[in-house]
Amino acid sequence: MGKDVLEGISTNEWQELRDRYVASAVGNGNRHIAEKAEGAIVTDIDGKRYIDFAGAIGVQNVGHRHPRVVEAAKKAMDHYIHPGFNVIMYPSYIELCKRLCEIAPGDFAKKALLLNSGAEAVENAVKIARRYTGRQAVVTFNRAFHGRTNLTMSMTSKVKPYKFGFGPFTSEIYQAPYPYYYRKPEGLSNEAYDQQVIDAFESFFLNTVAPESVACIVMEPVQGEGGFIIPSKRFVSYVRDFCTEHGIVFVADEIQAGFARTGKMFAIENFDVVPDLMTVSKSLAAGFPLSGVVGKANIIDACDIKGSLGGTYCGSPIACAAALAVLDIIEEEHLTERAEKIGSVIEKRALNWKETYAFVGDVRRLGAMAAVEFVQDKKSKTPDKERTGQIVQYANEHGLLLLNAGIKGNCIRFLSPLTITDEQLEEGLDIIEKAIEVVQ
Ligand SMILES: Cc1ncc(COP(=O)(O)O)c(C=O)c1O
């Protein structure tokens with residue numbers, strides 16, 4: 001069937017074709033077909049309009065088709081599409097590495113390399129840490145998500161859908177405890193709970209893996225797929241110090257939390273901690289596939305054999321041009337401040353829901369990285385995946401693109417563009433409020 005034949009077909013017909021030709025395991029939030037996306041609004045081929053609280057899963061911090069991103073990408077295409085950095089260099093790759101080194105935290109010499117996807121960035125951070133330390137083990141955390149390749153799937157927690165039936169997994173991957181204040185033992189203060197998690201973290205290095213075998217600890221400064229779980233400053237700085245003490249490379253995975261989402265350019269900056277390496281992707285290039293590893297030059301350059309890092313499509317010049325525009329937009333449109341404002345609006349509304357409904361268990365946020373956790377009741381805190389699913393479904397059917405999160409799938413997360421208008425934000429929150437009323 002040629003393109004002409006496919007034009008003008010209905011949503012239902014697309015759905016049939018999708019079912020027939022597209023792998024079933026590829027996820028879709030809903031059954032609609034996008035026609036256009038602009039700012040925080042997506043429209044489908046039936047002319048239905050959606051407020052976007054998903055942002056392509058955290059990709060659209062500057063909004064869909066920001067005019068400056070579109071212009072930069074078009075301009076880049078007037079030069080070339082892909083000469084291949086491994087074959088002949090081009091300025092935007094070098095310029096973007098320079099910009100990433102300048103904005104990454106840390107007062108030391110830095111370098112960067114560019115890749116395609118988030119998982120690929122994480123894979124490369126691990127490769128670099130192994131080469132630098134000469135060690136093999138990798139530590140991640142409970143509830144972590146780092147990707148779908150064999151290594152990153154092994155570093156990820158959630159079995160279904162991410163790992164089930166896909167083994168054998170990579171060896172030498174270990175998962176350490178990570179705090180979850182909403183689910184701490186009853187009666188324990190946050191400080192006492194922090195100590196409990198730190199004690200468990202220390203035992204982990206006695207019972208499970210020796211620190212001197214560990215190449216890197218990879219941490220999401222705020223857990224994304226895990227349910228937007230925010231650790232304490234104390235825990236994050238404890239892990240940082242532990243790495244320093246034991247010569248372990250500390251990697252902050254900023255793929256979902258980075259680029260102004262949490263009210264800082266990078267989430268790790270909220271914890272006054274400087275990582276050795278950071279992985280970046282998603283909102284970096286506003287939808288063009290691009291990722292990177294940035295951090296200490298001496299660690300990155302421990303990989304000293306030419307060709308040992310990189311790949312055919314890594315650092316596409318179109319994506320690099322888009323990313324350079326994104327970094328300007330974040331700065332010039334003050335998106336870190338905007339993230340805090342958006343987060344406070346969400347929080348205010350969500351705290352009202354928490355007060356009103358027994359099944360709204362927790363509201364948490366760092367900047368605009370906000371989540372609401374649904375439970376059967378406030379006392380038992382039993383995760384309510386079913387009701388969360390109903391809320392997400394209602395939203396998707398009533399003009400709001402919304403995602404869930406959490407190991408038990410019982411949280412909704414807010415990943416709207418940071419360029420969303422106040423009116424659009426309120427309109428999206430109204431839809432969630434209605435959804436909550438309907439499912440109560
Ligand atoms: C924290 C984190 N790391 C890694 C990844 C993997 O990125 P990708 O899907 O681009 O491979 C994700 C994706 O959601 C993520 O949230």
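Since the structure is predicted, the reported quantities are computational estimates derived from the model, not experimental observations. Both ligands and their constituent atoms are indexed starting at 1 by order of listing.
Relative to the ring axis of F145, K158 does not place its NZ or CZ within 45° and under 6.0 Å from the centre.
Under the 4.0 angstrom criterion for non-hydrogen atoms, Q223 is not in contact with ligand 1. In this structure, D253 is part of the shell of residues with a heavy atom less than 4.0 angstrom from ligand 1.
Nearest non-hydrogen protein atom to atom 16 (O) of ligand 1 is Q256 NE2, 2.8 Å. Taking atom 10 (O) of ligand 1 as the reference point, the nearest protein heavy-atom neighbour is G118 N, 2.8 Å. With hydrogens left out, the protein atom closest to atom 14 (O) of ligand 1 is K282 NZ, 3.0 Å, a heavy atom. For atom 9 (O) of ligand 1, the closest non-hydrogen atom on the protein side is R148 NH1, 4.5 Å.
When each atom of ligand 1 is checked for a heavy atom of E225 under 4.0 Å away, the hits are 14 (O). Near A119, meaning under 4.0 Å from any of its heavy atoms, are these atoms of ligand 1: 6 (C), 7 (O), 8 (P), 11 (O).
The pair D19-R31 fails the salt-bridge criterion, with no side-chain N (NZ, NE, NH1 or NH2) lying under 4.0 Å from an Asp/Glu carboxylate O.
Y132 meets the ring pair (Phe, Tyr, Trp, His ring centres under 6.0 Å) test with no other residue; sequence neighbours excluded. Remark: D301 pairs with K111 by the salt bridge (charged side-chain N to carboxylate O under 4.0 Å, His left out) rule, at least two apart or across chains.
Aromatic pair Y50/H32: centroids less than 6.0 angstrom apart.
Remark: K264 NZ is loosely packed, at most 12 non-hydrogen atoms of other residues, nucleotides or ligands lying under 6.0 Å away.
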